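Side-chain atoms are counted along with the backbone in the values below, which use heavy atoms only and exclude waters and symmetry mates. These figures come from a predicted structure and were not determined experimentally.
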Amino acid sequence: MTQQRATPGLVHWRGYLAITLLVILPLAVLLVRSGAWQQGLLLYAISCLGATLLLIFSLWLMMFRGYAPWRSQIAMRAALNLPGALLLLGMTLGGGDHPRIHDITTNPDNPPRFVTAAEQRGEDANSLELKAESLSLQRQAYPDLATIVTSIPIDDAFEKAARTAETMGWEIYHRDANAGIIEAVDTTAIMGFKDDIVIRVRSNAEGTLIDLRSVSRVGLGDLGANAKRIRAFRRAFEA
């Protein structure tokens, strides 16, 4: 009778660590959503990086002949690291070459200004003060962002802008048709980050002009999220 070999401790501990890193992911998200976003993001990054390194270690371990009898166990436990590794890959590829700014507008020369956003954002949020350096970096990074010019009458354009914002899931908290100002907040799906948007509707000899400004409440950079949001609004408005 062939005696069954005991599973090596390294295989067991690799599995325990994989489960731990997997459990940390939702805990990190809950920590971010509770308001401790810096600690939560750090924990999230550690979990994703640890899962990636553990996945690489598992593939390396499976190459050794001495661990051949337990390759299926190692592979099954390595699958627990896939979510974290894929999230890290997504963050790496999605990060791109974006400047560390979080205040983006369609009109750097004359950006729309918020009216009531400061009351919504709280004391610990990023400042809404416009910075020349940020505007300069934006011009270089996002030259495609520009004022939306339309032939739609200003009153109709204002209503369409508000409908577009609501369609995109933004929560409008200030609306002044006389001033041509709409303010809203967009909440990200997973982490629950809140970014404030102001839409300004004006008219001149060219037609009706619509400008946007999107500002993150927390964080030094936004990984291009605010510019992406403005582009999405433009596509939805012009559709």
Notebook entry, point to check: Going from CZ on Arg77 to CG on Leu22, what distance comes out if it is rounded to the nearest 0.5 angstrom?
Noted result: 14.0 Å
Notebook entry, point to check: Is there a donor-acceptor contact under 3.5 Å from the side chain of Thr20 to the main chain of Tyr16?
Noted result: yes
Next item on the list: Could you tell me whether the side chain of Leu87 reaches within less than 4.5 Å of the side chain of Tyr44, counting heavy atoms only?
Entry: yes
Check: Any idea which heavy atoms bring Pro112 and Val198 closest together, and the distance?
Finding: CB-CG1, 3.8 Å
Item checked: Minimum heavy-atom distance between Arg71 and Met62, given as atom pair plus value -> NE-O, 2.8 Å
Item checked: Heavy-atom pair of closest approach, residues Ala51 and Asn81 -> O-CB, 3.4 Å
Item checked: Exam field: side chain Ser203 to backbone Gly207, donor-acceptor pair closer than 3.5 Å -> no
Margin query: Given 3.5 Å as the limit, does a donor-acceptor pair link the side chain of Thr164 with the main chain of Ala236, or not?
Written below: no
Checklist line | Any donor-acceptor pair under 3.5 Å from Thr187 side chain to Lys194 backbone | finding: no
Margin query: Could you measure the distance from the OG atom of Ser151 to the CD atom of Glu206? Nearest 0.5 Å is fine.
Written below: 12.5 Å
Check: Would you say the side chain of Ile101 lies within less than 4.5 Å of the side chain of Gln138, judging by non-hydrogen atoms?
Finding: yes
Next item on the list: Please check if Ile154 and Phe233 belong to a single hydrophobic cluster, counting links between Ile, Leu, Val, Met, Phe, Trp and Tyr side chain heavy atoms closer than 4.5 Å.
Entry: yes
Check: Do Leu130 and Arg213 have side chains that get closer than 4.5 Å, going by heavy atoms?
Finding: yes
Margin query: Within this structure, what is the CG-CZ distance for the pair Leu128 and Arg113, rounded to the nearest 0.5 Å?
Written below: 10.5 Å
Note to self: According to a hydrophobic-cluster definition based on side-chain heavy atoms being under 4.5 Å apart (Ile, Leu, Val, Met, Phe, Trp, Tyr only), do Ile56 and Met63 belong together?
What the structure shows: no
Checklist line | Contacts of Arg217 that satisfy side-chain hydrogen bond (donor to acceptor under 3.5 Å, both in side chains) - sequence neighbours left out | finding: Asp196
Item checked: Within-4.5 Å side-chain heavy-atom neighbours: Thr105 and Leu135 -> yes
Check: In Å, rounded to the nearest 0.5 Å, how long is the span from CD of Gln38 to CG of Leu43?
Finding: 13.5 Å
Notebook entry, point to check: Is the shortest heavy-atom distance from the side chain of Val32 to the side chain of Phe193 under 4.5 Å?
Noted result: yes
Margin query: Within the supplied structure, the quantity of interest is the number of heavy atoms (other residues, nucleotides, ligands) at a distance under 6.0 Å from Lys160 NZ; does it exceed 12?
Written below: yes
Check: Do the side chains of Val218 and Val185 join up, straight or via other hydrophobic residues, at under 4.5 Å, putting them in one cluster?
Finding: no
Check: Does atom CZ of Arg139 have more than 12 heavy-atom neighbours from other groups under 6.0 Å away?
Finding: yes
Checklist line | For Asp124, all residues meeting salt bridge (charged side-chain N to carboxylate O under 4.0 Å, His left out), sequence neighbours excluded | finding: none
Margin query: According to side-chain hydrogen bond (donor to acceptor under 3.5 Å, both in side chains), who are the partners of Asp211, at least two apart in sequence or on a separate chain?
Written below: Thr106, Asn107, Thr147, Arg200
Next item on the list: Would you name the heavy atoms of Leu25 and Cys48 that are closest together and state the gap between them?
Entry: CD2-SG, 3.8 Å
Item checked: Within residues 163-185 or reaching into it, pairs that qualify as salt bridge (Lys or Arg N to Asp or Glu O under 4.0 Å) - sequence neighbours excluded -> Glu159-Arg175
Check: Are the side chain of Arg231 and the backbone of Asp144 linked by a donor-acceptor contact shorter than 3.5 Å?
Finding: no
Check: Are Asp156 and Thr208 side-chain neighbours, meaning at least one heavy-atom pair lies under 4.5 Å?
Finding: no
Notebook entry, point to check: Quick one: side chain to side chain donor-acceptor pair (under 3.5 Å) pairs with a partner in residues 49-65, sequence neighbours left out?
Noted result: Arg14-Ser58
Check: Is His174 close to Phe114 at the side-chain level, that is, under 4.5 Å between some pair of heavy atoms?
Finding: no
Item checked: Flag side-chain contact, heavy atom, 4.5 Å: Val215 against His102 -> yes
Next item on the list: Report yes or no: do Leu41 and Leu49 belong to one cluster of Ile/Leu/Val/Met/Phe/Trp/Tyr joined by side chain heavy-atom distances under 4.5 Å?
Entry: yes
Next item on the list: Report the C-alpha separation of Leu21 and Leu54 in whole Å, then their side-chain angles, then the decisive distance to 0.1 Å, and conclude whether the side chain to side chain contact (heavy atoms under 4.5 Å, CB included) test is met.
Entry: CA-CA 10 Å; Leu21 291 171; Leu54 197 54; 4.1 Å; yes
Checklist line | Donor-acceptor under 3.5 Å (Ser34 side chain, Leu31 main chain) | finding: yes
Margin query: Ignoring hydrogens, what is the shortest heavy-atom contact between Ala78 and Leu55? Give both atom names and the distance.
Written below: O-CD1, 3.7 Å
Checklist line | Separation between OG1 of Thr116 and CZ of Arg121, rounded to the nearest 0.5 Å | finding: 11.5 Å
Margin query: Count I, L, V, M, F, W, Y as connected when their side-chain heavy atoms are under 4.5 Å apart, and connections chain through other members. Are Leu212 and Leu209 then in the same cluster?
Written below: no
Checklist line | Taking every non-hydrogen atom, the tightest pair across Ala157 and Val201 | finding: CB-CG1, 4.3 Å
Checklist line | Crowding at CD, Glu238 (>12 non-hydrogen neighbours, <6.0 Å) | finding: yes
Check: Which value, rounded to the nearest 0.5 Å, describes the distance between Ile148 atom CD1 and Ile210 atom CD1?
Finding: 5.5 Å
Check: Could you walk me through whether Ile230 and Tyr142 pass the side chain to side chain contact (heavy atoms under 4.5 Å, CB included) check?
Finding: CA-CA 11 Å; Ile230 291 174; Tyr142 310 115; over 6 Å; no
Next item on the list: Take atom CD1 of Ile190 as the centre, draw a 6.0 Å sphere, and report whether it contains more than 12 heavy atoms from other residues, nucleotides or ligands.
Entry: no
Margin query: Applying side-chain hydrogen bond (donor to acceptor under 3.5 Å, both in side chains), can you list everything that pairs with Asn226, at least two apart in sequence or on another chain?
Written below: Ser214, Ser216, Asp222, Arg229
